[in-house]
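These notes concern the structure reproduced below.
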Protein chains: 2
Amino acid sequence: MNTTHYQKVNAPERRAGPELMAKTAIKATRSVTRKSRANGAAAKRTRGEKVADKEEAIVAVAYEMIAAKGFARTTIAEIARKANVAEGTVYLYFENKEALASAVLSAFYKRLTAQAEAGVKKRDGVREKLIFLARHHLEGIIRESSILELITVTDRNSENYEGSALYQMNKDYVAVFDGVMREGVLTGVIAQEKASWITRDVFFGGLEYAMRTIMIRRRKKDVDAAVMGIVDMLIPPGAVQSGRTDLTALAGRLEAVASKLEGAAIPK
Amino acid sequence: MNTTHYQKVNAPERRAGPELMAKTAIKATRSVTRKSRANGAAAKRTRGEKVADKEEAIVAVAYEMIAAKGFARTTIAEIARKANVAEGTVYLYFENKEALASAVLSAFYKRLTAQAEAGVKKRDGVREKLIFLARHHLEGIIRESSILELITVTDRNSENYEGSALYQMNKDYVAVFDGVMREGVLTGVIAQEKASWITRDVFFGGLEYAMRTIMIRRRKKDVDAAVMGIVDMLIPPGAVQSGRTDLTALAGRLEAVASKLEGAAIPK
DNA sequence: TTCTGGTAATGAGTAGTATTCATTATTACT
DNA sequence: AGTAATAATGAATACTACTCATTACCAGAA
């Protein structure tokens, strides 16, 4: 275990790049020499910036490939090739394949979070916001279902999970949901009967399982059904705002149902 | 691609054993020769039975190891060694590692199903049954959380998933839940507002996510909280079984009935 | 501009594991 | 006991994550 100039750190998570990163940018330098980049590649920037670019490129390629073929079928060799780096280089930026998976998952959450925040800001009313969030999440995980697999791949190290970058990313993401729920409770639309983490797990867990069902059955309309079904569980659609039962309203409701029944067959 | 006497079938799933299986049992034969079994090993049974035994042994060993170390860290070589067979033998019984994972997952569901059915039979009342099911499932997946990983490992082949043995096992398992829910709807305790698959996904998905949260935070009491929280989402806690009638409870009951009638009688 | 210490990048080599298949052992039955 | 069919074996193959000695590159100094 001799300590060469860039040894592997024991601490998990957070490789920042080769020894550098966050070193102040200095000057513009000449353009890339060998292996001219795929894109037009204008004059290259400082060393630190190049390092950051390279890390991003690797993550981006890995993201694409994992989304397309899944984690197991994605090889480091191919990632390296498509990112225009050597295999060894990947390991300068990421401890191992799992750490790379972690970074990809973070990127996924980051993207989802940005869209979620923007979308929530646009809507009015707790119910509308929740419907948007549910649909946004469901469509996102359907589109990139392979990425979700990374949660399992990564979870092995639940030791130091709290504090990891991935944990933070996930936290930021669910915070959007939590915020909406809190708003609901404050405005009295939602009755807070249980710990918030349970509601959260039901929401995301339910959506993930719904995704699997939908992907097996391949029905477009199922997305709507799942979204509405799950939202209705969090906000009772007929929600009596006051929390007190309104007898008059109930009577009216029963009247309406009775009328409808008169014209319909008695259910089995 | 020459077809030797036992070639690999293209069809996925369902390897039954080497060419045999379901051939009629014939006679008792002498005991095991080399590699005397770990257990006392009484006189061995017919060829077909031995084959079945061997398959079970492999699955059992794989089950143990995957539950203990996870799928990736479990090697075929070690499974073979602990099951007292050669590496190649494993491939006589299972197409590949993934198919073995599938068999393990099936065994897991089978075990859960038996316990679930027995437990449900013991309880009275939809609510009690659901609480039992939720706790049973949650404790089961906490105890053997690594097994759940196999769902993802296996899911790749969603093409021919329906019809697979695994699909059937899973179906049998969730059928227990479905049965209880149906009972709830029929007795009016539960309002059937949404498609049953949504309720099901919320139930199991919510429990799985709750499991993750619980395993990270390591609080015993969280299990109870999650169980009650999720069950309450399916059966509003105020739901009256019988007996006294304060107005609020009655209203809740009527709401449920009204919803049921709407869902059942009114054509979409 | 040239030099130089240190950093980044490389890719052939190592180690480990799923999978195959020619060969050998075991049956069940005559 | 003989034998055709079947089951079992494990060394060889094919891949892939990961390492590390070597090389290329860069930023500043002279």
Side-chain angles (χ1 to χ4, degrees), chain A residues 1-8 16-21 23-35 44-55 58 71-81 83-101, chain B residues 1-8 16-21 23-35 44-55 58 71-81 83-101:
Chain A
M1 185 186 272
N2 63 339
T3 313
T4 56
H5 46 209
Y6 41 106
Q7 85 294 21
K8 293 287 179 276
E19 302 290 288
L20 197 60
M21 197 81 251
K23 218 169 195 174
T24 46
I26 322 248
K27 237 192 258 184
T29 45
R30 55 177 160 156
S31 57
V32 186
T33 46
R34 323 177 325 135
K35 296 185 175 180
K44 254 318 182 185
R45 291 164 296 291
T46 169
R47 188 185 265 228
E49 286 171 334
K50 277 168 77 173
V51 162
D53 283 357
K54 204 159 274 187
E55 178 171 343
I58 293 172
F71 182 70
R73 314 189 95 83
T74 298
T75 69
I76 298 289
E78 200 180 348
I79 291 173
R81 189 158 48 71
N84 287 313
V85 296
E87 273 185 75
T89 305
V90 174
Y91 288 90
L92 290 181
Y93 292 86
F94 303 95
E95 181 82 11
N96 49 35
K97 199 183 176 189
E98 187 183 312
L100 176 53
Chain B
M1 188 188 269
N2 64 340
T3 310
T4 56
H5 45 210
Y6 42 107
Q7 84 293 24
K8 293 285 178 277
E19 299 294 285
L20 196 60
M21 195 81 249
K23 217 169 197 173
T24 45
I26 323 248
K27 235 191 261 186
T29 45
R30 57 178 158 153
S31 58
V32 185
T33 47
R34 324 177 325 134
K35 295 184 178 180
K44 254 317 181 186
R45 293 162 297 289
T46 169
R47 186 185 266 227
E49 285 172 333
K50 276 169 79 172
V51 162
D53 284 357
K54 204 159 275 189
E55 178 172 343
I58 293 172
F71 181 71
R73 313 189 95 82
T74 299
T75 69
I76 298 289
E78 200 179 349
I79 290 173
R81 191 157 46 71
N84 287 313
V85 297
E87 275 185 74
T89 306
V90 174
Y91 287 90
L92 290 181
Y93 291 86
F94 302 95
E95 181 83 10
N96 50 32
K97 199 183 174 189
E98 186 183 314
L100 177 52

Interatomic distance where CG belongs to A:N96 and C1' belongs to C:dG16 [whole Å]: 15 Å

Validation row: A:L92, A:V85 side chains within 4.5 angstrom (heavy atoms): no

Nucleotide of D:dC18, D:dT16, C:dT19 approaching B:Y91 most closely (side-chain heavy atoms): C:dT19

Integer-rounded Å distance: D:dA17 P and A:F71 CZ: 8 Å

First encountered from the 5' end of DNA chain D, between A:T75 and B:V90: B:V90

Whole-Å gap separating P (C:dG16) and NZ (B:K97): 15 Å

Side chain of B:V85 (C-beta onward), nearest among D:dT9, C:dA18, D:dC18: D:dT9

Shortest non-hydrogen contact from B:F71 toward B:A101: CE1-CB, 3.6 Å

Phosphate contact (C:dT10 OP1 or OP2) by A:T89 side-chain N/O below 4.0 Å: yes

Atom-pair distance (CZ on B:R81; P on C:dT17), nearest Å: 11 Å

Distance, rounded to the nearest Å, where A:Y93 contributes OH and C:dT10 contributes C1': 12 Å

Rounded distance [0.5 Å steps], CG in A:D53 versus CD1 in A:I58: 11.0 Å

Value in whole Å for how far the P atom of C:dA15 lies from CD1 of A:I76: 20 Å

Whole-Å gap separating C1' (C:dT19) and CD (B:E98): 14 Å

Side chain of A:L92 (C-beta onward), nearest among C:dA9, D:dG10, D:dA17: C:dA9

Rounded interatomic separation in angstrom, taking CD from B:E95 and P from C:dT19: 9 Å

Interatomic spacing from CD in A:E87 to CD1 in A:I76 - rounded to 0.5 Å: 8.0 Å

Among C:dT10, C:dA18, D:dT9, the nucleotide that comes nearest once only the side chain of A:A86 is considered: C:dT10

Nearest heavy-atom neighbours spanning A:K54 and A:T89: CD-CG2, 4.3 Å

